Engineer: 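Pasting a structure below so you can have a look.
Predicted model only: the values in this text are computed from it and were never measured. Reminder, nothing fancy here: chain letters follow the sequence lines and each chain counts from 1.
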Protein chains: 2
Amino acid sequence: MFGPNDQAAEFVERWNAAPTDTTEVCPVRQVLDKVGEKWSVLLVMTLASGPRRFNELRRQVPDISQKMLTQTLRDLQRFGLVSRTVFDTNPPSVEYRLTELGQSMIVPLGHLIRWASENYGEIATARAAFDRAA
Amino acid sequence: MFGPNDQAAEFVERWNAAPTDTTEVCPVRQVLDKVGEKWSVLLVMTLASGPRRFNELRRQVPDISQKMLTQTLRDLQRFGLVSRTVFDTNPPSVEYRLTELGQSMIVPLGHLIRWASENYGEIATARAAFDRAA
DNA sequence: CCGGATCCACTGGGATACTG
DNA sequence: CAGTATCCCAGTGGATCCGG
């Protein structure tokens, strides 16, 4: 049988097999980095409910700066998660939309988010205990 | 029905509901941050196959510095993902082990890692196309 | 409307040396 | 063996102003 631990072992193996000359980074790590970026997941999740235009996203994600919005969208596009379509209207409008790859990522992301939501109480308790001991 | 998109909507809602006075960070974001940290996931996955002592971990994760190993383990412990047990032997030994919470995290993490492994080809293709266009 | 360009503060994380 | 303590640098990400 292939349980979670086998995945773990395989992951560790692949990681350590990755070249350390740092020209290439372990593929999985690149994905984890994306997840760790401040706005990537929020944008992917926002786009999950349908395509948006640039300023629509600004409104729906109020705290993001336009620089970070542009930059994150570019990154997601480069990753193949988001497609960018320019409509030659006046004024111009640009539509951002999840690609199939992007939509497929919602599933594992959803698992992680669900886990986080369900277990945050325990995390908070652990942290409080840790800080009290220290 | 509750598909992935409902999770997405709920996540976005919670995110935006989080206070912006930055004293408290959205719980899910804290977990995503952890995932994004350079060594957290690798250590969790390494510990998935059983408890380890400090220097065992150093050997199994050759590229980590002792500073980052200590720091990451502390963080994971504070998060409630890892337990630390000191045995009063001579020389002293310390055992790190996944808590139940830590073990439960392997599952969603496994989903994400599997997705990354399976889809990296497509990501690489997209990136190559993007860079060629630019 | 959709960005690009610039400046800057903060911090994650590596190298190195030392200790109970 | 299992850490601490310092120094230091590169990169992330925010604010602001400018352009097509």
Side-chain angles (χ1 to χ4, degrees), chain A residues 15 20-23 25-26 29-30 32-43 47 51-79 82-97 133-134, chain B residues 15 20-23 25-26 29-30 32-43 46-47 51-79 82-97 130 133-134:
Chain A
W15 183 299
T20 68
D21 37 335
T22 61
T23 49
V25 183
C26 165
R29 180 95 287 274
Q30 297 181 40
L32 298 179
D33 284 341
K34 271 272 159 285
V35 171
E37 280 175 20
K38 188 164 184 179
W39 302 105
S40 308
V41 172
L42 182 57
L43 284 181
L47 288 172
R52 301 285 147 75
R53 291 173 50 192
F54 189 82
N55 278 352
E56 280 185 298
L57 286 170
R58 288 199 67 179
R59 279 190 294 275
Q60 288 206 5
V61 187
D63 291 345
I64 197 172
S65 66
Q66 77 281 50
K67 172 192 166 181
M68 289 316 297
L69 180 54
T70 303
Q71 182 174 310
T72 307
L73 286 171
R74 280 267 189 285
D75 274 13
L76 293 175
Q77 190 192 351
R78 184 165 185 262
F79 234 65
V82 163
S83 69
R84 177 179 185 271
T85 311
V86 182
F87 294 101
D88 200 3
T89 58
N90 192 325
S93 76
V94 180
E95 182 196 80
Y96 293 91
R97 172 194 300 266
Chain B
W15 183 299
T20 69
D21 37 335
T22 61
T23 50
V25 184
C26 164
R29 179 95 288 274
Q30 297 181 40
L32 297 180
D33 283 341
K34 273 270 159 285
V35 171
E37 281 175 18
K38 186 163 184 179
W39 301 105
S40 309
V41 172
L42 182 57
L43 284 180
T46 300
L47 288 172
R52 300 284 148 74
R53 291 173 49 191
F54 189 83
N55 279 350
E56 281 184 298
L57 286 170
R58 287 199 67 180
R59 280 189 293 276
Q60 287 206 6
V61 187
D63 290 345
I64 197 173
S65 67
Q66 75 280 51
K67 172 191 166 180
M68 288 317 296
L69 179 54
T70 303
Q71 181 175 309
T72 307
L73 286 170
R74 280 268 191 283
D75 274 13
L76 293 174
Q77 189 192 352
R78 184 165 185 263
F79 234 67
V82 163
S83 70
R84 177 178 184 270
T85 312
V86 181
F87 295 102
D88 200 4
T89 57
N90 191 328
S93 76
V94 181
E95 182 197 79
Y96 293 92
R97 172 194 300 268
F130 185 89

Engineer: I would like to know whether A:W39 and A:D63 meet side-chain contact (heavy atoms from CB on, under 4.5 Å); could you show each step before the answer?
Structural biologist: CA-CA 10 Å; A:W39 302 105; A:D63 291 345; 4.0 Å; yes
Engineer: Between atom CG of B:L42 and atom CG of B:L47, what is the distance when rounded to the nearest 0.5 Å?
Structural biologist: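 Here the rounded value is 9.5 Å.
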Engineer: Just verifying a value: how many Å separate A:E95 CD and A:L57 CG, rounded to the nearest 0.5 Å?
Structural biologist: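 Separation between the atoms: 10.5 Å.
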Engineer: Polar pairs (N or O, both sides) under 3.5 Å between protein and nucleotides 13-18 of chain D?
Structural biologist:
residue	atom	partner	partner atom	Å
D:dG13	OP1	A:K38	N	3.2
D:dG13	N7	A:K67	NZ	3.4
D:dG14	OP1	A:K38	NZ	2.4
D:dG14	OP2	A:W39	NE1	3.1
D:dG14	N7	A:K67	NZ	3.3
D:dG14	O6	A:K67	NZ	2.1
D:dC17	N4	A:Q66	NE2	3.3

Engineer: By the 4.0 Å heavy-atom rule, please label B:R74 as base, sugar-phosphate, or nothing.
Structural biologist: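 Sugar-phosphate, no base atom in range.
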Engineer: Find the distance between CD (A:E56) and OH (A:Y96) and round it off to the nearest 0.5 Å.
Structural biologist: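 With rounding to 0.5 Å, CD (A:E56) is 12.0 Å from OH (A:Y96).
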Engineer: Is it the case that the side chain of B:R52 and the backbone of B:T46 share a donor-acceptor pair, with hydrogens and angles ignored and the cut-off at 3.5 Å?
Structural biologist: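 It does hold such a pair.
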Engineer: State, with a plain yes or no, whether a side-chain heavy atom of A:R84 is found less than 4.5 Å away from one of A:L73.
Structural biologist: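 The answer is no; the side chains never approach within 4.5 Å.
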Engineer: Using a strict heavy-atom distance below 4.0 Å, which residues from residues 84-95 of chain A are in contact with DNA chain C?
Structural biologist: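 Hits under 4.0 Å, by residue number: A:R84, A:P91, A:P92, A:S93, A:V94.
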Engineer: From A:T72 OG1 over to A:K34 NZ, what is the distance, rounded to the nearest 0.5 angstrom?
Structural biologist: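 A:T72 OG1 to A:K34 NZ: 8.0 Å, rounded to 0.5 Å.
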Engineer: Name all residues meeting the side chain to side chain donor-acceptor pair (under 3.5 Å) criterion together with B:R74; count only those two or more places apart in sequence or in a different chain, and write none if there are none.
Structural biologist: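 Applying side chain to side chain donor-acceptor pair (under 3.5 Å) to B:R74 gives none.
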Engineer: Please confirm whether the shortest side-chain N or O distance from B:Y96 to OP1 or OP2 of D:dC1 is below 4.0 Å.
Structural biologist: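 Answer is no, no contact under 4.0 Å.
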Engineer: To the nearest 0.5 angstrom, please state how far the OG atom of A:S83 sits from the CG atom of A:L76.
Structural biologist: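 Separation between the atoms: 11.5 Å.
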Engineer: At a heavy-atom distance below 4.0 Å, which nucleotide of DNA chain C is the first touched by chain B, and which is the last?
Structural biologist: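 It runs C:dG13 to C:dA17.
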Engineer: Do B:L69 and B:R58 have side-chain heavy atoms sitting under 4.5 Å apart?
Structural biologist: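 Counting from C-beta outward, B:L69 and B:R58 do come under 4.5 Å.
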Engineer: Based on the rotation axes of five pairs at each end, what angle does the helix from C:dC1-D:dG20 to C:dG20-D:dC1 bend through, to 10°?
Structural biologist: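 The value is 50°.
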Engineer: Excluding sequence neighbours, so at least two apart, what forms side chain to side chain donor-acceptor pair (under 3.5 Å) with B:S40?
Structural biologist: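 Once residues adjacent in sequence are excluded, the partners of B:S40 under the side chain to side chain donor-acceptor pair (under 3.5 Å) criterion are B:E37.
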Engineer: Give, for atom CG of B:L32 and atom NZ of A:K38, the distance between the pair rounded to the nearest 0.5 Å.
Structural biologist: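 Nearest 0.5 Å value for the CG-NZ distance: 13.0 Å.
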